[in-house]
2 protein chains.
Amino acid sequence: MNASAAPDRHHEAGSDTRRALIAAAAREMHAHGFQAASLAGILADTGVTKGALYHHFPSKLDLGYAVFDEYYAPALRVNWIAPLQGDRGDALTTLISVISRVGEGMSEQDVALGCPVNNLAQEMSAVDAGFRARIEGLFDEWRRAIENGLDRLQRQGGLEAGVDTRSLAAFIVASLEGCLGMAKNAQRRDVMLECGKGLIAYLQSLRRREPAGVGDRHA
Amino acid sequence: MNASAAPDRHHEAGSDTRRALIAAAAREMHAHGFQAASLAGILADTGVTKGALYHHFPSKLDLGYAVFDEYYAPALRVNWIAPLQGDRGDALTTLISVISRVGEGMSEQDVALGCPVNNLAQEMSAVDAGFRARIEGLFDEWRRAIENGLDRLQRQGGLEAGVDTRSLAAFIVASLEGCLGMAKNAQRRDVMLECGKGLIAYLQSLRRREPAGVGDRHA
DNA sequence: GAAAACATACCAACCAGTATGTATGTTACG
DNA sequence: CGTAACATACATACTGGTTGGTATGTTTTC
């Protein structure tokens, strides 16, 4: 409406305290889960007082939602989903390279704390519908991005025509999170890498031998 | 030493109150996780008093361990591991039938609450070493059971010689738990079945085309 | 001066754990 | 046989600490 620098720099949008709270809450939730995340700990980390926190967020739950919407989800989109969408090449190759790259980029501690989104999924899906719906939406985005790539590849003849790409994409997301979960339990990065190797081997096996041209169509 | 009916029916072994507490704690932990499981809730469920509980278990953590050792782990062994060990036939076929059967046998609520062992793994692996070690041991048993079956199949020529059976077995366990996790988040049984379909399709694809005899050995 | 952005102090509920008491055996001994 | 000593299996009441949340104040900013 007016010509100020920011449309609304006051309450809802980009306040520094708000951002600091979300960042600290993201760390706390990643380390202890949402329910065990302590407001006292978040306040101690940031130096923010309880009054300020409850000025920005009506409840702990809303803070948790903000962490998911403004922190966890964007991070997963940037690291895992966006690379799949930009690329116009071979979907399986892209997928494999994304998995390798992100895997390599994870520290021992990243592995030990697990995927924040999946942590939240396992902890909260049966407890709170707001978290559950958010997480399902994000996993759905992810699955669709993979599915689209596989569809394209299938049209180009790089994937068997009989393959159910939707079901396959869902399985890829599931097994990826499964690998991260096993590695988190083991608290060992190499478990993730080895498990990821299994996944990559599978993805390689999906590639059709005769790539293009007049090959056999029926049986 | 003496000729009484039961060797030690008193403290450590099969007391009724103890069993009731473990069963109630298993339910409470399955529904809310270990940390959020309330002793008050368990006592209300059983009618047992706090004094009785702390007579049988020195702490909440020990109760949790007992639930794992005497409830969750045996259940997973019976449903998932034992069927693999008894069978002398084709390992992939056995594996697929186990997955199908257990999947079919799960109710909508079973799916919604998730695998108790994996729930515990995700919640507690970074928090408590006692749980972590127990869970890793159990997952290891499971992986080894699958690995042994795959090894046998490989020796019989039913699986490509180049396949790393250990890595593959780890990936199978991971993706299975991944499927259960996705279905838990979706709170929908059909998600598990579809995801399981993806896993089964993968397992089918592992089977070698020319089963036995003089086929090609090199390249 | 008015609203936004905090700060302080407090609260009721809940938590795991404990201290203490009691009822019911079981064993030892004379 | 009788009784003292001891152990098991509970029950009741309480404690210190933490939790998320609130009521009410002060400061800052436009």
Side-chain angles (χ1 to χ4, degrees), chain A residues 1-25 28-29 31-67 123-124 127-128 130-131, chain B residues 1-25 28-29 31-67 123-124 127-128 130-131:
Chain A
M1 265 43 167
N2 79 13
S4 175
D8 53 349
R9 201 226 174 279
H10 52 95
H11 188 65
E12 288 302 313
S15 146
D16 282 350
T17 2
R18 195 189 133 95
R19 250 193 301 272
L21 284 170
I22 289 181
E28 180 88 5
M29 285 167 60
H32 305 115
F34 172 76
Q35 300 182 96
S38 156
L39 295 187
I42 295 167
L43 299 178
D45 270 20
T46 52
V48 172
T49 60
K50 200 164 263 195
L53 191 155
Y54 276 91
H55 172 73
H56 287 284
F57 303 97
S59 73
K60 183 190 178 185
L61 194 61
D62 288 281
L63 172 59
Y65 290 165
V67 167
E123 180 191 1
M124 299 304 294
V127 173
D128 178 79
F131 270 121
Chain B
M1 267 37 172
N2 79 12
S4 175
D8 54 347
R9 199 225 175 280
H10 50 96
H11 187 64
E12 288 301 315
S15 145
D16 282 349
T17 357
R18 195 190 133 96
R19 249 193 302 272
L21 284 169
I22 289 181
E28 180 89 4
M29 286 167 59
H32 308 300
F34 173 75
Q35 299 182 97
S38 158
L39 295 187
I42 294 167
L43 299 178
D45 269 20
T46 52
V48 172
T49 61
K50 199 163 263 194
L53 191 155
Y54 276 92
H55 171 72
H56 288 283
F57 303 97
S59 72
K60 184 190 178 186
L61 195 60
D62 288 281
L63 172 59
Y65 290 165
V67 167
E123 181 192 1
M124 299 303 293
V127 173
D128 178 80
F131 271 122

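Letters A, B, ... are given to chains in the order of the sequence lines, protein chains preceding strands, and every chain is numbered from 1. Below, each value reflects all heavy atoms present in this structure, side chains not excepted, and no hydrogens, waters or symmetry copies.
Rounded to whole Å, the distance from CG on B:Asp16 to P on D:dC10 is 9 Å. The NE2-P distance, from B:His32 to C:dC14, rounds to 14 Å in whole Å. Here C:dC14 presents its P atom at 14 Å from CD of B:Glu28, a figure rounded to the nearest Å. Atom CG in A:Leu21 sits about 13 Å away from atom P in C:dA5, given to the nearest Å. In this structure, the CD1 atom of A:Ile42 is 11 Å from the P atom of D:dG21, given to the nearest Å.
Without hydrogens or angle criteria, B:Glu28 side chain to B:Gly41 main chain gives no donor-acceptor distance under 3.5 Å.
Nearest approach of B:Leu43 to B:Leu21, heavy atoms of both residues: CD2-CD2, 4.4 Å.
The shortest side-chain heavy-atom distance between A:Thr46 and A:Leu53 does not fall under the 4.5 Å cut-off. Side-chain atoms of B:Ile22 and B:Phe57, non-hydrogen and from C-beta on, do get closer than 4.5 Å to each other.
With sequence neighbours left out, the side chain to side chain donor-acceptor pair (under 3.5 Å) criterion links A:Thr17 to A:Ser15.
OP1 or OP2 of D:dA9 lies within a sub-4.0 Å distance of a side-chain N or O belonging to B:His55. In this model, the phosphate group of C:dA4 is not approached by any side-chain N or O of A:His56 to a distance below 4.0 Å at OP1 or OP2.
Judged by distance alone, the side chains of B:Gln35 and B:Glu123 do bring a donor and an acceptor atom under 3.5 Å apart. Side chains of B:Tyr65 and B:Asp128: a donor on one and an acceptor on the other come within 3.5 Å.
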Report, one pair per line, the protein and nucleotides 16-18 of chain C atoms (nitrogen or oxygen only) whose separation is under 3.5 Å.
from   : atom 1 : to      : atom 2 : distance (Å)
C:dA16 : OP1    : B:Ala37 : O      : 3.0
C:dA16 : OP1    : B:Lys60 : NZ     : 3.3
C:dA16 : OP2    : B:Leu39 : N      : 3.3
C:dA16 : N7     : B:Lys50 : NZ     : 3.3
C:dG17 : OP2    : B:Tyr54 : OH     : 2.7
C:dG17 : OP2    : B:Lys60 : N      : 2.9
C:dG17 : O5'    : B:Tyr54 : OH     : 3.4
C:dG17 : N7     : B:Lys50 : NZ     : 3.3
C:dG17 : O6     : B:Lys50 : NZ     : 3.2

Got a list of protein N/O to nucleotides 27-30 of chain D N/O distances below 3.5 Å?
none

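Cation-pi geometry between A:Lys60 and A:Phe34 is met: the NZ or CZ atom falls under 6.0 Å from the ring centre, inside 45° of the normal.
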